[in-house]
Each structure stands twice: as C-alpha cells, then as structure tokens.
Amino acid sequence: MKKINSVVKLGTVAAFAAVFLAACGSSSSSSSSSAAKTQTLNWMESSALPSMDISTTTDVVSGETLNNTNEGLLRMGKNSKVHPGVAKSYTKSKDGKTYTFNLRKSQWSNGDPVTAQDFVYSWQRTVNPKTASQYAYLFAQVKNANAIMKSKKPVSSLGIKADGKYKVVVTLTKATNYFPDLVANPTFYPQNKKVVQKYGKKYASNAKSNVYNGPFKLTYWTGTSDNWSLTKNNKYWNAKNVKLKKINFKTVKDPQTAVSQYQSGKLSATYLSGQQPKNYKNNKQYVVRKGASTFYIELNEKKDAIFKNVNARKALSLAINRNQFVNKVLQDGSTVLSGYVASDLASYKGQDFADASKTSEGTAYNLAKAKKLWKKALQETGKSSASITLMADDTAAGKNALEYVQSQWSKLPNIKVTNQSLPFKTRLSRSENGEFDAVVSGWGADFADPISFLSLFTSDNSYNNGKWKSTSYDKDIDRANNADANNESARWNDMVSAEKTLMNDQGIIPIYQQAKPQLVKSNVKGVIYFPTGANWDFSKAYIAK
C-alpha cells in the first residue's frame, strides 16, 4: 500500500535474555486487568507518525492511523474484502464505468455532517497539481484525472459528482474491476473543506488541526512526537459497536526495550527480532503476519552515472545472498523474493504472479559473476573505483540490513560502501527528493493486484526515486491500464512482461518479502490484519477480562 519502514526485527544477544523473563508477573497481570477495565490498547510502532494529510501521506504508519480515524465510501475488512463504510450501498453500471454510492447519514468528530461534497472536495484536492500528491496516480482511472494532473483540464472536471448531499457518482474512463478496493484506501477518504481552509498550511500537522469520521479520533500527536493516541469517536455512525476506548501508539526502536515493555504489560503487542521468533514460535501469544510488502534497493541513476550502467546494477544485485539474509539474519518468517511483486498477491489460472514473472537472475546470488560484471561496469564508465552511500531507516532492521548489504557489496573489487542510518521520516523525505546514492525502500500493495506494485516504476511516476527508465516497461503498463484493461489474459501478460523487464534490466534490487512476527496478549481480541492496504483495523478490537 504505502511506503513502509523496516519493522523492528533484528536484535542482539542481550535481547534474547528477555525471552526467559516471567510473562505473568504481578505487574503484567495488573496491567492486563487495568487494560480490560479501561479498554486501552497499547500498540508498538517502530517509527513515528509522519503525516495525517489524506492527500499527501504515503507511508504505512500514517495509512494505519488514517484507517482507524477515518473512513471512506467502503471499508477494508477480513481477507482484504471490502464492505460498507460511509456508503451503505453502491451500484455499478453495465459497462462498469459508472459507480453510484449511496451514503448513510454520518458525522465528523466536530459534529459536521459527512456529505457527498466532502468526497468531491477531497478527490479534487488530491489530483490538483498544486497539492503535489504522490498518490494522485491512483485516481488515473477516474475520468479526466490524468489530464487534471497534467494541468490540461480544470479540477472541477474530475469524474466525481455529488447528487444531493448523500449520493456520490463516479465516472471512470474504463471498467476497473479493482475500483471498489481503491475507494477503501485512505487516499480516497473524504476531507472537510471548512477544516482544511481553516488551518491552511498547518492542516493535519497535529491532532487538533483536523477532524475525523472514523471509529477513533486522534487526540494526542504534536506532529513530531514519537507517541500518539486515539480515543473512541462517539460521533462515528457505528460507535455503538466500537469497544476500545483508547489506543496508545508507542514508537519503540530497541528490540530489548520493546520485549521488556511487553513483559511488564506496558505494551499489548510487540514485534519480535533476532532469535526471539525462534524462541517464541511455540508460544500461544506468537503470531506471524505475512504482508504483501517487499523491500528493495533503489539506485539513483540521476545522481551517479555508474547506476545507469546495467552491468553495475546486476553486479550489486548478484552480490547479495538473500537466502542467508532471510534465514540466518532475519529468521522471522520473511521470505526471499523471486522478483519485485510480492508472492501470494494475485494469481491467474492457478499460477501465482511471482512464479509467472520469475527471471533467472533478478534475485539470484552469484558472487563470481558479480565481480566480473562490476569490473566490466567500472571499465565501461571510465572509473577506477566507486564510492556508494547506502541509506536506510534507523530501526534495528534498517541498521542491520545496511550492515549486511555493506558486507556483501564490499566483496566487489574497488568499491567503498558507507552506511547512512536516518529516522524514517527523514529517510522518506530524502528518497523523494533524490538525496541519496542507494536507498533501502519498502512498498506494500494498496490492493490485491500486481499493478499496485508495478505502477511505481514507470518513467513518470513520482515514486520512481531512482529514475530508472524503460520504454518497453512503460508500454506494458500503459497497455495493462488502458488497451487491455478489460482483457484479463492480455492484461496479465502485460504485467508479467513488465515485471520481467524490470528484473532483467535490474531497475531495482529486491531483497525480501516482509513478515511481521509478533507477541500479542491473549486477552487482545478482534484485531483485523490484512496484507494489503493499511494493514490494521482496530474497530472491532477489545480487551477481554
């Protein structure tokens, strides 16, 4: 779905000792009893909340928070299936190009009614070039969206209209089967125009400069604080079925600290790292969440000419032993990728996309060949040596990923690799601004279709931070989105072809598909996890006695 950070996974020997701490001490029992009485959930995050602006946010932490404080026309549920949200029902025209959403009467947290106009305003604000939304491309199938984003048509021409206060009519350029999944995404949520205009540049920059129409409302967040809190939104249309009173999100980057807080009852759930997953795998509180999210390295072709050399890119990829990284370093349920698109995301005629698009060397390990290609790349670019700064998040996983890749790349001749570890928000900003040599990036699918991954690396996509370009790749994606949009077989082949082009040209360097091993208190019930989109839904969660 969103730009994702490296969840805390990798620990030290000191962290392993926490495994043997008593899990049911008086402090933990007392905290569990208190949590049940107050219905307070204490949830661990590995990075701070970067943004709450629906139009401009791009990361998974913000998406998760938006998903629980706001609601769109439809809402994502179990098994990534959509169900009614603000829209109590909807219909689709025979040609699949027109959707009519019938809204229920609901309210914002300040008491204002949530109307069709709020959706029209929000969508128009996002596709408006002045907003500079990186996620605006998700509206590509909405009539006139592409022309608006290129400043060729007015924002008012976007294919969304309000028919009275409680009916939204959306017109698409072509039938799009996954459109209902899209509108369940935070980028398609409504926004209160009055509130946006009231706060101006400070809109959504802290908890108070926004309003919310979802199960919870953000009540504590300074805009820079590591922790933030949600409380039950009594104005929510389905508030009677929301059981939690409060959710405290706590950023904990150190694995040992996280486990200690979990053991003492200060956290209701914690991510595991290092040897912890192995030691806890038989524990009843142990859960592994496999996500449709992948981590990969982007190489800045605009900044350094050597990255434009295909042999250099292939050498850097072939030098990484992914099996060793996943099985000996991570040891958390994460898996080796066969390409860029996550496995188990989509299939056609019984074949998984990841298998259909697999190439011989996209994620292979061959150090001998890597050395030969690197030498050749240096010769072709007229260099005697190369210096690379590799950037990643400052989480435990990010730091250890840096160290591992550095150790692998350093085996190549005449290369110097320097690591740069930065806070998630800073790393994200520098990635977007092209202020890097090489960067470990992550992406989670917004919906269960390969295009959610593949759209990122077209020549004109703002998420293509490394500026890799391929005419054949662009043509394949264009056909999948346009000429072959309603031909399932042809569209599938277009996407398979695009993935193979990306891997054969090593436009990016895939590393692994993420899994999130957790310990979750046995009295935490009803939490919904889905591998795509914003991942977590706490609207049905509660703390049992």
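Note that the coordinates shown come from a computational prediction; the quantities given were computed from them, not determined experimentally. Values reported hereafter were calculated over all heavy atoms of this structure, with side chains retained and with hydrogens, waters and symmetry mates removed. Here, residue 1 is the first one in the sequence, and each next residue gets the next number.
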key: Pair listing, salt bridge (Lys or Arg N to Asp or Glu O under 4.0 Å) test, anchored in residues 119-128, at least two apart   = D53-R125
inquiry  = The criterion is salt bridge (charged side-chain N to carboxylate O under 4.0 Å, His left out); which residues satisfy it with D394, sequence neighbours excluded?
reply    = K253
task = Taking side-chain contact (heavy atoms from CB on, under 4.5 Å) as the test, write out the residues that go with A87, two or more places apart.
result = L73, F101, L103
ask   = Taking the side chain as C-beta and beyond, is there a heavy-atom pair between V336 and F325 under 4.5 Å?
value = no
request  = List for me each residue that meets ring pair (Phe, Tyr, Trp, His ring centres under 6.0 Å) alongside W108, sequence neighbours excluded, and say none if there are none.
outcome  = none
Which pairs of donor and acceptor atoms, one on a side chain in residues 211-220, lie under 3.5 Å apart (sequence neighbours left out)?
unit_1, atom_1, unit_2, atom_2, d
Y212, OH, A207, O, 2.8
N213, OD1, E71, N, 2.9
N213, ND2, E71, O, 3.1
T219, OG1, S229, O, 3.4

Residues which pass ring pair (Phe, Tyr, Trp, His ring centres under 6.0 Å) with F436, listed by chain and number, not counting sequence neighbours = none
query = So which pairs with a foot in residues 525-545 pass salt bridge (Lys or Arg N to Asp or Glu O under 4.0 Å), sequence neighbours left out?
reply = R75-D537
query = Do R322 and I509 have side chains that get closer than 4.5 Å, going by heavy atoms?
reply = yes
note = The ring pair (Phe, Tyr, Trp, His ring centres under 6.0 Å) partners of W536 (sequence neighbours excluded) come to W43, Y529
key: Partner residues of Y189 under the ring pair (Phe, Tyr, Trp, His ring centres under 6.0 Å) criterion, sequence neighbours left out   = none
Parallel, tilted or perpendicular, as decided by the 30° and 60° cut-offs, for the rings of Y512 and F295 = parallel
query = Looking just at side-chain N and O atoms, do T389 and Q420 make a donor-acceptor pair shorter than 3.5 Å?
reply = no
Give the table of side-chain donor-acceptor pairs shorter than 3.5 Å for residues 197-204, with sequence neighbours excluded, one pair per line with atom names and distance.
unit_1, atom_1, unit_2, atom_2, d
Y199, OH, K208, O, 3.2
Y203, OH, Q191, OE1, 3.0

task = Quick one: sort the Y178 and F447 rings into parallel, tilted or perpendicular, breaks at 30° and 60°.
result = parallel
message = Tell me every residue that passes side-chain contact (heavy atoms from CB on, under 4.5 Å) with V524, counting only those two or more places apart in sequence or in another chain.
response = L41, S268, V520, K521, V527, I543
key: K290: salt bridge (charged side-chain N to carboxylate O under 4.0 Å, His left out) partners, not counting sequence neighbours   = D344
ask   = Under a 4.5 Å cut-off applied to non-hydrogen side-chain atoms, are T69 and M52 in contact?
value = yes
request  = Taking the side chain as every heavy atom from C-beta outward, state whether F188 and L74 have any pair of such atoms under 4.5 Å apart.
outcome  = no
remark   = Nearest heavy-atom approach of G72 to P190 is CA-CD, 4.2 Å
query = More than 12 foreign heavy atoms under 6.0 Å from NZ of K250: is that the case here?
reply = yes
